[in-house]
K.L.:
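The following block contains the structure, expressed as structure tokens.
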Amino acid sequence: MPELPEVETTRRGISPHIENKLVKKITVRQKNLRWEVSKNLSKEVSGNTIDKVLRRGKYLLLESAKGTILIHLGMSGSLRVIEATKPAGKHDHVDFILENGTSLRYTDPRRFGCILWHKKGSGIHPLLLHLGPEPLSAEFQHLNLYKNSRGRSVLIKSFIMDSKTVVGVGNIYANEALFLAGINPKRAAGNISCARYKILVSCIREVLNQAIKAGGTTLRDFTNSSGEPGYFKQSLNVYGRGGLVCKICDSTLKEIRIAQRSSVYCTKCQR
DNA sequence: ATAATCACCTGCTCGC
DNA sequence: TGCGAGCAGGTGATTA
């Protein structure tokens with residue numbers, strides 16, 4: 001689930017329920033996520049208030065007076081606000097138990113996510129240190145992409161999925177943005193003109209904005225366990241459509257693998 | 001420095 | 001019905 005739009009949807013969904021709420025305690029049932037859940041997490045956070053829920057790339061940042069909880073959802077993670085008494089399922093690894101009888105529950109079958117404590121005053125967390133610009137911010141500019149890609153042979157799809165280039169572009173939206181921009185995913189990043197990077201930047205923004213907007217519809221019943229987003233499915237042009245016809249030109253969409261990730265494109269529309 | 005590959009883990013689908 | 005193979009929305013670490 002979690003590409004940037006899903007993480008942003010999660011942020012918007014949980015923040016009204018946990019901002020300015022006091023954390024009573026944190027229960028860790030499974031500490032072996034991508035990295036071990038910080039040992040001192042409950043000790044550091046209990047009795048403190050979550051002041052703000054921020055997002056940087058696909059990381060969620062729960063800010064308190066003493067520091068920040070970094071949460072990444074990996075491939076299969078999710079966060080829900082539930083009644084604290086609700087029995088924990090097999091993959092419900094961590095509960096942030098709030099004062100009001102609710103709990104922020106972290107669920108992650110594959111355990112590729114992480115939950116890390118970062119004490120205030122210890123600078124920028126190493127995981128956030130080298131991240132590129134937010135795709136929806138003014139810092140994300142085609143001129144920088146153009147300059148940073150000169151002389152590089154990395155494939156354009158891998159280039160835009162690299163968090164040093166720009167954060168938050170996952171496999172689905174890399175495929176979709178390249179389709180909208182008419183760029184073949186196998187093209188070398190260093191071989192793409194400034195004008196085309198300008199188009200690509202606006203297509204990345206467009207596709208993410210659309211998805212966030214669609215994600216908004218699942219916001220309403222966010223605390224329910226349902227809310228699984230089929231919302232963007234129908235608006236996908238290429239992802240998951242290998243072998244089917246291009247919606248623009250009717251030719252057959254090609255599916256290949258780039259960096260072990262499925263990549264679908266139209267050989268006619270994308271050059 | 002850059003590019004490609006590996007690794008982490010569970011669950012689901014597909015073909016036999 | 002069972003079993004192995006392969007694949008899945010991510011990304012830091014390792015290798016070449």
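Chain identifiers are assigned alphabetically (A, B, ...) following the order of the sequence lines, protein sequences preceding nucleic acid strands; residue numbering begins at 1 within each chain.
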K.L.:
Test for a donor-acceptor pair under 3.5 Å between the base of B/dC9 and the side chain of A/R111, counting only N and O atoms.
P.N.:
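For A/R111, whose side chain was compared with the base of B/dC9, there is no donor-acceptor pair (under 3.5 Å).
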K.L.:
Could you list the donor-acceptor pairs under 3.5 angstrom formed by side chains in residues 177-189 of chain A, with sequence neighbours left out?
P.N.:
from, atom 1, to, atom 2, distance (Å)
A/N184, OD1, A/K186, N, 2.8
A/R187, NE, A/R271, O, 3.3

K.L.:
So with a 6.0 Å cut-off around NZ of A/K21, is the heavy-atom count from everything else above 12?
P.N.:
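Atom NZ in A/K21 is crowded, with more than 12 foreign heavy atoms closer than 6.0 Å.
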K.L.:
May I have the distance from A/K157 (atom NZ) to C/dG9 (atom C1'), rounded to whole angstrom?
P.N.:
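Spelled out: NZ on A/K157 to C1' on C/dG9 is 12 Å.
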K.L.:
Ring pair (Phe, Tyr, Trp, His ring centres under 6.0 Å) with A/H91: which residues, sequence neighbours excluded?
P.N.:
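For A/H91 there are no ring pair (Phe, Tyr, Trp, His ring centres under 6.0 Å) partners, ignoring immediate neighbours.
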K.L.:
To the nearest Å, how far apart are A/M75 CE and C/dA8 P?
P.N.:
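Distance check: A/M75 CE to C/dA8 P gives 8 Å.
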K.L.:
Can you check the distance between C/dC7 and B/dT5, where both ends of the measurement are the P atom (answer in whole Å)?
P.N.:
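My reading of the P atoms in C/dC7 and B/dT5 gives 15 Å.
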K.L.:
Can you tell me if A/F112 is stacked onto the base of C/dT11, using a 5.5 Å centroid cut-off and an angle below 30°?
P.N.:
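A stacking contact does not exist, since A/F112 is not both close and nearly parallel to the base ring of C/dT11.
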K.L.:
As an exercise, state the distance from CD1 of A/I258 to NZ of A/K157, rounded to the nearest 0.5 Å.
P.N.:
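Answer rounded to 0.5 Å: 5.5 Å.
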K.L.:
Would you tabulate the nitrogen or oxygen pairs shorter than 3.5 Å linking the protein to nucleotides 1-5 of chain B?
P.N.:
from, atom 1, to, atom 2, distance (Å)
B/dA3, OP1, A/S153, N, 2.6
B/dA3, OP1, A/S153, OG, 3.2
B/dA3, OP1, A/V154, N, 3.0
B/dA3, OP2, A/R152, NE, 2.8
B/dA3, OP2, A/R152, NH2, 2.5

K.L.:
Does a side-chain heavy-atom distance below 4.5 Å link A/I172 with A/L236?
P.N.:
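In short, these two side chains touch, coming nearer than 4.5 Å.
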K.L.:
Just need the stems in DNA chain B: three or more back-to-back Watson-Crick or G-U pairs, each with both distances under 3.5 angstrom, sorted by first number.
P.N.:
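The stems that DNA chain B takes part in, listed by first number, are B:2-8 with C:10-16, B:10-16 with C:2-8.
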K.L.:
Within residues 164-172 of chain A, which residues have any heavy atom lying less than 4.0 Å from an atom of DNA chain C?
P.N.:
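Going residue by residue through residues 164-172 of chain A, the ones with a heavy atom under 4.0 Å of DNA chain C turn out to be A/G170, A/N171, A/I172.
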K.L.:
Could you tell me how far apart A/E255 (CD) and C/dG6 (P) are, to the nearest whole angstrom?
P.N.:
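From A/E255 CD to C/dG6 P: 16 Å.
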K.L.:
To the nearest Å, how far apart are A/L33 CG and C/dT11 C1'?
P.N.:
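For the pair A/L33 CG and C/dT11 C1', the rounded distance is 15 Å.
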K.L.:
Counting side-chain heavy atoms from CB outward, which of B/dT10, C/dT11, C/dA8 is closest to A/R261?
P.N.:
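Within the option list, the nearest is C/dT11.
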K.L.:
What verdict does the side-chain contact (heavy atoms from CB on, under 4.5 Å) test give for A/C246 and A/T252, after you've listed the backbone C-alpha separation in whole Å, the side-chain angles of each residue and the deciding distance to 0.1 Å?
P.N.:
CA-CA 6 Å; A/C246 172; A/T252 304; over 6 Å; no
K.L.:
Rounded off to whole Å, could you give me the NE2-to-C1' distance for the A/H130 and C/dT11 pair?
P.N.:
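After rounding, the reported distance stands at 14 Å.
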K.L.:
Does the pair A/R56/A/E134 count as a salt bridge with the N-to-O cut at 4.0 Å?
P.N.:
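A salt bridge is present here (some side-chain N lies under 4.0 Å from a carboxylate O).
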K.L.:
Starting from the C-alpha separation in whole Å, work towards a yes-or-no answer on side-chain hydrogen bond (donor to acceptor under 3.5 Å, both in side chains) for A/Y197 and A/S149.
P.N.:
CA-CA 10 Å; A/Y197 271 117; A/S149 62; 3.3 Å; yes
K.L.:
Among A/V28, A/L104, A/T27, find the residue that satisfies the side chain to side chain contact (heavy atoms under 4.5 Å, CB included) test when tested with A/D95.
P.N.:
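It is A/T27; the other options fail the test.
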K.L.:
Could you tell me how far apart A/N175 (CG) and C/dG9 (P) are, to the nearest whole angstrom?
P.N.:
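From A/N175 CG to C/dG9 P: 9 Å.
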K.L.:
Could you check A/T107, A/L73, A/T10 and say which one makes a side chain to side chain contact (heavy atoms under 4.5 Å, CB included) with A/S78?
P.N.:
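When A/T107, A/L73, A/T10 are each tested with A/S78, the side chain to side chain contact (heavy atoms under 4.5 Å, CB included) holds only for A/T107.
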K.L.:
Would you say A/K164 has more than 12 foreign heavy atoms packed within less than 6.0 Å of its NZ?
P.N.:
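Open.
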K.L.:
Report each atom pair, protein N/O against N/O of nucleotides 12-15 of chain C, whose distance is under 3.5 angstrom.
P.N.:
from, atom 1, to, atom 2, distance (Å)
C/dG12, OP1, A/Y59, OH, 3.4
C/dG12, O4', A/R34, NH2, 2.9

K.L.:
For A/R152, enumerate each residue passing the side-chain hydrogen bond (donor to acceptor under 3.5 Å, both in side chains) test, keeping only those at least two apart in sequence or located in another chain.
P.N.:
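A/R152: no side-chain hydrogen bond (donor to acceptor under 3.5 Å, both in side chains) contacts found.
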K.L.:
Who else is in the cluster with A/Y59 when I, L, V, M, F, W and Y are joined by side-chain contacts under 4.5 Å?
P.N.:
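A/Y59 shares its hydrophobic cluster with A/W35, A/L54, A/L61, A/L70, A/L116, A/I124, A/L127, A/L128, A/L129, A/L131, A/V167.
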K.L.:
Quick one: list whatever passes side-chain hydrogen bond (donor to acceptor under 3.5 Å, both in side chains) with A/E206, sequence neighbours left out.
P.N.:
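By the side-chain hydrogen bond (donor to acceptor under 3.5 Å, both in side chains) rule, A/E206 matches A/Q210.
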K.L.:
Please tabulate, one pair per line, all N/O donor-acceptor pairs under 3.5 Å involving side-chain atoms of residues 36-47 of chain A, not counting sequence neighbours.
P.N.:
from, atom 1, to, atom 2, distance (Å)
A/E36, OE2, A/K39, NZ, 2.9
A/S38, OG, A/W117, N, 2.9
A/S42, OG, A/I26, N, 3.2
A/S42, OG, A/I26, O, 3.4
A/S42, OG, A/S46, OG, 3.2
A/E44, OE1, A/K119, NZ, 3.4
A/E44, OE2, A/K119, NZ, 3.1
A/S46, OG, A/K24, O, 3.3
A/S46, OG, A/S42, O, 2.6

K.L.:
Provide, to the nearest angstrom, the distance between the CG atom belonging to A/D108 and the P atom belonging to C/dT11.
P.N.:
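For the pair A/D108 CG and C/dT11 P, the rounded distance is 13 Å.
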K.L.:
How about A/N144 and A/Y146: does a side-chain donor come under 3.5 Å of a side-chain acceptor?
P.N.:
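Short answer, no.
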K.L.:
Nearest nucleotide by nearest heavy atom, which residue falls closer to the 5' end of DNA chain C, A/S262 or A/H72?
P.N.:
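Whichever sits nearer the 5' end wins; that is A/S262.
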K.L.:
For A/R257 and C/dA8, what is the distance between atoms CZ and C1' respectively, to the nearest whole Å?
P.N.:
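Distance, rounded to whole Å: 9 Å.
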K.L.:
Listed by chain and number, what are the side-chain hydrogen bond (donor to acceptor under 3.5 Å, both in side chains) partners of A/T102, not counting sequence neighbours?
P.N.:
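Applying side-chain hydrogen bond (donor to acceptor under 3.5 Å, both in side chains) to A/T102 gives A/N100.
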K.L.:
Give me, pair by pair, the N or O atoms of the protein and of nucleotides 11-13 of chain B that are less than 3.5 Å apart, along with how far apart they are.
P.N.:
from, atom 1, to, atom 2, distance (Å)
B/dG11, OP1, A/K90, NZ, 3.1
B/dG11, OP1, A/H91, NE2, 2.6

K.L.:
For C/dT14 and B/dC9, measure between their P atoms and round to the nearest Å.
P.N.:
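Taking atom P in both C/dT14 and B/dC9, they lie 15 Å apart.
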